[in-house]
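Sequential numbering from 1 along the given sequence is applied to the chain's residues.
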Amino acid sequence: MELAAASSSSAVSVRQRSTAASSPLLQEDQLQQEKQQGADGGSILPPPAPRSPLYQALTSTASLANLLPTGTVLAFQLLAPTFTNHGACDATTALLTRSLLAVLALSCLLASFTDSLKGPDGRVYYGLATPRGLWLLDYPPGAPVPDTAKYRLAFIDAVHAALSVAVFGVVAARDKNVVGCFYGPSPAKETAEALDIVPLGVGVLCSLLFVAFPTRRHGIGYPVTNGAGGSSIST
């Protein structure tokens, strides 16, 4: 009798362990069944609400440098500490810093009027937007030129060029080396307040305009993707 009782109790414990071990599997099966029922026409969770333009603008404001050409941002980050002497400028370094900022702002302006396309050979070619189309800069000489009428210059390009220059001004105004070069290590209270408020306001405004009027160009210094700007052109 004792052996029978022991065997029955051990069998019960084995069943409990197997049930406990298989309970996660059962839970996973139940979850899969619920998902399948939802896909078959049951209760489906509502999709997440779309992000508002203000949210997108504030998110892009936190990384304003992403709105600028990559080469311009890298050049500014590498050269600004040297040109400004790490914020301790004299007459010569101040002039060099102004020249650097002017050249980089001009590069942001010109990059807004560039675009790219994929030729018949699958390679990416860059060009400058004109009222008639895209003036290809590195296209092979003698090769048949594709029709680039859809890449012609538009008013929105001038808007994006102005916004790019404004965003670069914001990035430069938030750099401690540039601020120290032009205003010293301890700027006046009013100047410090303006340097904290004005770039933030300009950055939010530019980000809102970039979200409201997005560009379809993928010019020099910007990533090339399939679709707009980087679409294939056949001759």
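Residues Leu153 and Thr130 have side chains not in contact (no heavy-atom distance under 4.5 Å, counting atoms from C-beta outward). The side-chain heavy atoms of Pro69 and Ser107, taken from C-beta on, include no pair separated by under 4.5 Å. Counting heavy atoms from C-beta on, the side chains of His86 and Pro81 come closer than 4.5 Å. Proximity of Lys118 to Tyr125: side-chain heavy atoms (C-beta onward) are nowhere separated by under 4.5 Å. Val124 is not listed as a side-chain neighbour of Leu117, based on a closest heavy-atom distance of 4.5 Å or more. With a 4.5 Å cut-off on side-chain heavy atoms, Val204 and Leu208 count as touching.
Closest heavy-atom contact between Gly203 and Val170: N-CG2, 4.0 Å. Counting all heavy atoms, side chain and backbone alike, Pro199 lies closest to Ala194 at CD-O, 3.4 Å. Residue Ala161 comes nearest to Ser112 through the heavy atom pair CA-OG, 3.4 Å, listed as atom of the first residue, atom of the second, then distance. Of all heavy-atom pairs between Leu128 and Leu110, the closest is CD1-O, 4.5 Å. Contact detail for Leu101 and Phe168: the closest heavy-atom pair is O-CE2, 3.5 Å. Here the closest non-hydrogen pair linking Phe76 and Ala172 is CZ-CA, 3.8 Å.
In this structure, OH in Tyr126 is found 15.5 Å from OH in Tyr139, a value given to the nearest 0.5 Å. Summarising the geometry, atom CG belonging to Asn177 is positioned 13.0 Å from atom CZ belonging to Phe83; distances are rounded to the nearest 0.5 Å. With rounding to the nearest 0.5 Å, the separation of CD in Gln77 from OG1 in Thr72 is 11.0 Å. One finds the CG atom of Leu79 at 10.0 Å from the CG atom of Leu74 (value rounded to the nearest 0.5 Å).
At least one donor-acceptor pair under 3.5 Å links the side chain of Arg174 to the backbone N or O of Leu195. Checking side-chain atoms of Asn85 against main-chain N and O of Gly87 turns up no donor-acceptor pair under 3.5 Å. A distance-only check finds no donor-acceptor pair linking the side chain of Arg217 to the backbone of Asp157 [under 3.5 Å]. The main-chain N or O of Tyr151 is never found under 3.5 Å from a side-chain atom of Thr148 such that the two would form a donor-acceptor pair.
Both Ile156 and Leu163 are assigned to one and the same hydrophobic cluster, defined by single-linkage of ILVMFWY side chains at heavy-atom distances under 4.5 Å. Under the 4.5 Å side-chain heavy-atom criterion for grouping Ile, Leu, Val, Met, Phe, Trp and Tyr, Leu95 is not connected to Leu104 through any hydrophobic cluster. Clustering ILVMFWY residues whenever any of their side-chain heavy atoms sit less than 4.5 angstrom apart, transitively, puts Leu96 in a cluster other than the one holding Val103.
Phe210 has its ring centre less than 6.0 Å from the ring centre of His160.
Side-chain contact check for Thr97 and Thr84: no donor-acceptor pair (N or O, by modelled atom type) lies under 3.5 Å.
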